[in-house]
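In what follows, every chain begins at residue 1, and chains take the letters A, B, ... in the order their sequences are listed. Reckoned from all heavy atoms, side chains included, excluding hydrogens, waters and symmetry mates.
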Protein chains: 2
Amino acid sequence: MDHVDEILRQWNRERPDLDVGPMGLIGRLGRIVHYLTREMDKTFAAFGLTGASFDVLATLRRAGAPYSLSPGDLLATMMITSGTLTNRIDQLEKAGLVARASNPEDGRSVIISLTETGLATIDAAVTAHVETQKRLVSVLPAEERDLLDVQLRAFLAGIAARS
Amino acid sequence: MDHVDEILRQWNRERPDLDVGPMGLIGRLGRIVHYLTREMDKTFAAFGLTGASFDVLATLRRAGAPYSLSPGDLLATMMITSGTLTNRIDQLEKAGLVARASNPEDGRSVIISLTETGLATIDAAVTAHVETQKRLVSVLPAEERDLLDVQLRAFLAGIAARS
DNA sequence: TGGAGATATCTTGACGTCAAGATTAATCCA
DNA sequence: TGGATTAATCTTGACGTCAAGATATCTCCA
């Protein structure tokens, strides 16, 4: 009987006509992600980052040397809009973690690169981040965790296919 | 091989020292919630609501007649800060969906109530919302859905206990 | 070759959120 | 009883996000 059950119980009393089964599943997903995000944000903050800025740096870092991508490349892998990305890059540029350069091959495009400071920051931050994530999922035994991952994969595939 | 797998593959190449297992699980959770939120927001928008305003109205509705709670009561069941709640109530009051009244028993406190319009709005919106949720979870067979719910319940319990 | 349409990025304006602190009222007990 | 403490709500300021549209550049083909 967790907090979500209490919500469902109230709906059952007030609106017995509603089938609130899906609400329980989706509600738990939302709460879990809410808690996880909060905890991970603490790790990011320790490196002067937010979840938003971490994502940009991590995407550049994962791409491999020379750690350069266009905004369009970044957009293709991040679930955000172009205006949001522009804003993120502005902040990171101001902080000296990335640099914008014009693309000699396409005047419409620019190239975003990690600076030396940016590279050092993301390498340290991701190490700590992975440790935080390890701690957060450790509340489940390894076997259950693997099973959960399998199910989430199926769920994500089903949802993403319709979006 | 979904999008999350591609991210893990990149990390493996660039930083083989990292154990990215937990990142896969947490990443899928985040993406699923992101997609679900997007879809549910469309339903809310059809009733002139946002996820934020829906939550307040729904909490008042679930409480039963006379659909009145204090901001403190609302805060206890919603994972937001007091400043955020004040802002939400301001918007809803402006829209005529809730009303603020002073609490005769405690001068520090106020009572938030659904208006007639607010009650009609949330009753219609929650009916549509439940349908949307049903559609969203229908990508999984009922059995897998139930199993997933059981596992999420365990995960949530573990995380919430540490927060 | 030059104009129409496509493409890449940025700008604008409106929200939602949080952390930290301010304000006002109630309570406790010396 | 009255000053200190606690409690409930609101205010402020800084961000992050999105949708819609603006700007600049490229590409294609008549």
Given DNA chain D, 5'-ward residue of the pair A:G51 and B:I112, judged by closest heavy atom: B:I112

Sugar-phosphate, base or nothing in reach of A:S109, heavy atoms under 4.0 Å: sugar-phosphate

Integer-rounded Å distance: D:dC18 C1' and B:F44 CZ: 17 Å

Between C1' of C:dA26 and CD of B:E105, the distance in whole Å: 13 Å

Shortest non-hydrogen contact between B:I32 and A:L152, atoms and distance: CD1-O, 3.6 Å

Check ion pair A:D2-A:R31 (N to O, under 4.0 angstrom): no

A:R145 side-chain N/O to A:L140 backbone N/O, donor-acceptor pair under 3.5 Å: yes

Residues B:D123, A:R15; criterion side-chain contact (heavy atoms from CB on, under 4.5 Å); working and verdict: CA-CA 9 Å; B:D123 265 331; A:R15 288 289 305 272; 2.8 Å; yes

Side-chain donor/acceptor of B:T115 to backbone N/O of B:L97, under 3.5 Å: yes

Rounded distance (Å) that lies between atom P of C:dT9 and atom CG of A:L85: 9 Å

Gap between atoms CG and C1', on B:D106 and D:dC10 respectively (whole Å): 15 Å

First encountered from the 5' end of DNA chain C, between B:N87 and B:S82: B:N87

Interatomic distance where CG belongs to B:L74 and C1' belongs to D:dC10 [whole Å]: 15 Å

Nearest-Å distance for atom pair CD1/P, residues B:I111 and C:dA25: 16 Å

Bending between helix ends of the helix from C:dT1-D:dA30 to C:dA30-D:dT1 [5 pairs per end, 10° resolution]: 10°

Interatomic distance where CZ belongs to A:R88 and C1' belongs to D:dC15 [whole Å]: 12 Å

For atom CD1 of B:I80 and atom P of D:dG16, their distance in whole Å: 20 Å

base_contact_polar (C:dT7 base, A:R108 side chain, donor-acceptor, <3.5 Å): yes

